[in-house]
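Worksheet: the structure to be examined is printed underneath.
Reckoned from all heavy atoms, side chains included, excluding hydrogens, waters and symmetry mates. Chain letters run A, B, ... following the sequence lines, proteins first and then strands; every chain starts at 1.
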Amino acid sequence: MHDTVSFVALCYSNPESAKEQERSHSQRRGAPSEGQWRQRDKEQWQGEGKAQVRQADEEEQKPRQHEEDMVPKGTCQTMCPAQELRDREAQNRLHHFEMLPGTEKDRRPKGDPSRAVKEYSRPAAGKDSTKPSDLRPPPVLLKTVNYLINDIAAAPSLYPWTEVYTFVFDRLRAVKQDMIIQRMSGLDCVGILERTVRFLIYASYRLCGEPLRLYDPRINDIHLQEYLSWLLDCYMTKTGPHPNQEEFQSLSLLYNLGSARTMQHTMQLPLRLRSTPNIKLALFINQAFLERNPVRLLRLAQKLNFLQTCALHRHLMTCRQDLLLVYSHGYSSRNCRFPLDRLAKLLFLDASLTAQLCRSCGVEVNKDNQVVFSKAAFTEPGQGTLHCKLYHSIASEKQRDLTVKNIVQSCVETNKK
Amino acid sequence: RRVLDVVKEDVYEAIDNREGSFCAELLSFKHPHVANPRLQLASPEDKCQQVLEPPYDEMVAAHLRCTYAVANHDFVEAYKFQTLVAFQSHKEENWALPVMFAVTLDLRIFANNAEQQLQKKGKGQPSEMLEKAAEQLMSCFRVCASDNRAGIEDSKKWGMMFLSNQLFKIYFKINKLHLCKPLIRAIDSSNLKNDYSPAQKVTYKYYVGRKAMFDSDFKLAEEFLSYAFDHCHRSSQKNKRMILIYLLPVKMLLGHMPTHQLLRKYDLMQFSDVTKAVSEGNLLLLNEALSKHETFFIRCGIFLILEKLKIITYRNLFKKVYLLLRTHQLPLEAFLVALRMMKVEDVDIDEVQCILANLIYMGHIKGYISHQHQKLVVSKQNPFPPLSSVS
């Protein structure tokens, strides 16, 4: 500070104004935004009116500083803010998962405060989304996510899982909104994001093949990528320990199979992390994909656990088609006779599904169950003719006794916060 | 006369006389004036307003505040003020382009430094500052690209390539290469594209070449990177080396191995084992070489591309088998044996078939596999076409 005064003194002959200048400097800590300087009248700058200018400056700064200190901090201790519950009850906009049991058939069902969850609402002009009583602090958000997973997604339900998904998806989106408004970062976010990512990955497998009006894989994908991206950023900015980082880096690699960007990101992780078994396996699978070795890829995929297979599963159709394409060229000859059973083993499918896949790609299977590869015959199956769901065996075999709760909470249960 | 007055009057004169380069120096952090403590002011606005017209009053004031911030090693603050300078720098006519160049260059550098500082403190999202800098540069770019003055000599379009190059540097750093596309399109459709300075063109082709590499368009990558290498000034050893780091893998994928002399001349011996392994079809050596220099290759972003050399290596190995057995009906076992000799243990006959099928599909082998006879039947004519002729 001492130095500043002497600098300033250099410029001003008048020590008085030097002090004033210093005061206004400390108030101008934050750089003014582009428009602000322009607002001054040119006249004011010429000598006279310096004091007025400084005052105007102060006033301009006040709201900004105020805004910077005012990161909204939630105080709502319930999963749904009381006001919202009252409103939705009055407007008959409760979800049946939120209704007080016994009142579902009433003209105006009652809300159950222990089961109501804040819903996602689009930000709108004039709507104040920063009221503390409407925002849930980190511990409540985590509690909400656990409730959604354990008591809704994982619980047996009379309703189809597409409905369960839609409800949980929406409520998780509201959780994310609360996180963003409160500028949450780092470790607070990690627990929430990890569970959300697991849920969406599982959903991408379970709801695969459902009609578009009930489940849209593209929307699931967009949101999943955002959550995943945020999660990986959290790992990067906050020093650990992050006990689940290995799991999620590998899920990211599998979900984004073949993405040069994801691979480059992974290659830049510390060696110690990169060498963990799950990440190494995911990298090998990616390499097999880039080398166009579907035989190797499908074999390595056997080593994945259930959730990892869910992450990978949407790429498996492409890999299998690729195998048929490459073999159509490699074995192309009139006398080609490739045993269907052998092919089935390579594809990790049963014989009848293999035959079906061949048919969809124009690959001929003769009456002796021999595949007659021909490069001229292979055709890319039309949009929507291949139903991924039929070929889910590679994943479903691994599901066995796993419950939804196991899958989404998995090893997180050992890290009770 | 006070130091500040002298500088301000020089700026005033430079602006008045439209001396772009001199003005640029006075606002650039490459110029020694920034180290003068008597210029490092926390609040110089009044003095600037007295001498200079807008927007120079703000620009110079922001610049001086920036020198203050830099002297205090506060790059986050420095970046904030540099933003103000940059914001105004494209408002003038194109004589001020050197000013814009100097200012945007410093902007990018400060964004880099600010990010590092924030990272150390554990604050802020990664790439946040660089993304902001990119947004600002992009708006400068748009102003330049849409400058439709009659006379081409006066047009701000001359700023487009410099700005693109700055933006490329950021996009590559933050790993968002897809953002390069609109810039490339804009430059490509501009009639000035061949008339920019040689230095700018070399930088431009370097980045576009690297982007092509990333998109697996190796023929295009070779074209651009070769241009950059050939036209890079002889004295810029460091730059030539950088270009070569990317040109080499591309050329290798197209079947052209670098000579030992070239590698030694540019201190790129990391590639020598890789080269040897690929030509010999030695998968073991390839894996070892990639592993040994992994850090270097990853840092340069070429590790993944070098892995693609595996396919070429397989091709070279299998060609050797063909040359050895001197028959055009090759038992699959022979390839398996060859791989085992290269200590590749985890590949079985099924995978061998897959690898061969892929080589046939890619055009590296002319022939077909017979499953019944467990043989690879190759064409009697040129079964292993030269690598440069394939894709």
Side-chain angles (χ1 to χ4, degrees), chain A residues 3-4 7-8 10-12 17 21-22 24-25 28 30-32 34 37-38 40 42 45-47 50 53 185-186 233 236-239 260-261 263-265 267-268 271 287 290-296 299 323 325-333 335-339 342 345-346 373 375, chain B residues 2-4 37-38 40-47 49-50 54 57-58 61-62 65 68 77 80-81 83-84 87 119 122-126 175-177 214 216 294-295 298-299 301 303-304 307-308 310-311 346-347 350-351 353-362 368-372 377:
Chain A
D3 280 342
T4 322
F7 281 141
V8 169
L10 265 177
C11 294
Y12 296 92
S17 51
Q21 183 76 333
E22 196 196 342
S24 83
H25 161 65
R28 259 188 288 194
E34 274 124 44
W37 283 7
R38 278 278 123 249
R40 267 163 234 139
K42 194 165 173 186
W45 279 104
Q46 315 302 21
K50 265 193 204 167
V53 163
S185 63
D233 277 348
M236 263 215 282
T237 47
K238 291 296 175 192
T239 47
R261 186 158 169 232
M263 285 193 79
Q264 181 66 21
H265 161 88
M267 294 314 284
Q268 286 169 321
L271 183 63
Q287 278 165 17
L290 291 175
E291 270 172 44
R292 225 193 188 127
N293 191 338
V295 168
R296 188 180 183 83
R299 276 192 190 158
L323 199 154
L325 169 64
V326 168
Y327 275 42
S328 289
H329 278 73
Y331 287 85
S332 187
S333 87
N335 300 322
C336 174
R337 298 288 180 272
F338 195 101
R342 192 69 184 268
K345 276 216 173 71
L346 295 176
F373 283 117
K375 63 184 170 195
Chain B
R2 300 186 209 274
V3 174
L4 184 58
R38 293 165 87 179
Q40 291 155 5
L41 297 172
S43 318
E45 293 80 25
D46 286 356
K47 276 280 154 181
Q49 297 280 0
Q50 280 172 19
D57 55 349
E58 287 189 29
R65 286 185 85 168
Y68 179 67
E77 282 286 292
K80 279 191 192 152
F81 290 118
T83 311
L84 285 169
F87 181 70
Q119 289 260 5
K123 285 202 216 142
Q125 294 288 80
N175 207 7
K176 287 208 170 147
L177 271 67
F214 190 81
S216 299
E294 194 181 74
T295 318
I298 291 174
R299 218 178 351 108
F303 186 81
L304 297 171
E307 289 240 305
K308 286 195 201 247
K310 252 198 207 154
I311 298 182
D346 58 346
V347 173
D350 287 322
E351 272 198 62
Q353 292 188 37
C354 190
I355 295 168
L356 284 168
N358 194 22
L359 286 170
I360 294 170
Y361 174 69
M362 289 178 76
Y368 67 91
I369 307 170
S370 165
H371 183 83
Q372 302 97 295
V377 181

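For A:Y331, the ring pair (Phe, Tyr, Trp, His ring centres under 6.0 Å) partners two or more places apart in sequence, or in a different chain, are A:Y327, A:F338, A:F373. For A:H265, there are no ring pair (Phe, Tyr, Trp, His ring centres under 6.0 Å) partners two or more places apart in sequence or in a different chain.
Proximity to chain A involves both the backbone and the side chain of B:I369, based on heavy atoms less than 4.5 angstrom apart. For a residue to count as touching a neighbouring chain, one of its non-hydrogen atoms must lie under 4.5 Å from one of that chain's; by this rule B:E294 touches chain A with the side chain only. Of the two parts of B:L356, neither the backbone nor the side chain holds a non-hydrogen atom closer than 4.5 Å to a non-hydrogen atom of chain A.
Contact count against chain B (heavy-atom pairs under 4.5 Å) is highest for A:Q287 among A:M236, A:Q287, A:K345, A:K375. Comparing B:L304, B:I360, B:I298, B:D346 by heavy-atom pairs within less than 4.5 Å of chain A, the highest count is held by B:I298. Top candidate by heavy-atom pairs under 4.5 Å with chain A, chosen from B:K308, B:Q353, B:K176, is B:Q353. In terms of heavy-atom pairs under 4.5 angstrom with chain A, the leader among B:F303, B:Y368, B:F214 is B:Y368. The candidate from A:L346, A:N335, A:V326 with the greatest count of non-hydrogen atom pairs under 4.5 Å with chain B is A:V326.
B:N358 places no side-chain N or O within donor-acceptor distance of the main-chain N or O of A:N293, the cut-off being under 3.5 Å.
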**Message:** Under the criterion salt bridge (Lys or Arg N to Asp or Glu O under 4.0 Å), I'd like the reasoning laid out for B:D350 against A:R299: C-alpha separation, chi angles, the key distance, then a yes or no.
**Reply:** CA-CA 11 Å; B:D350 287 322; A:R299 276 192 190 158; 2.9 Å; yes
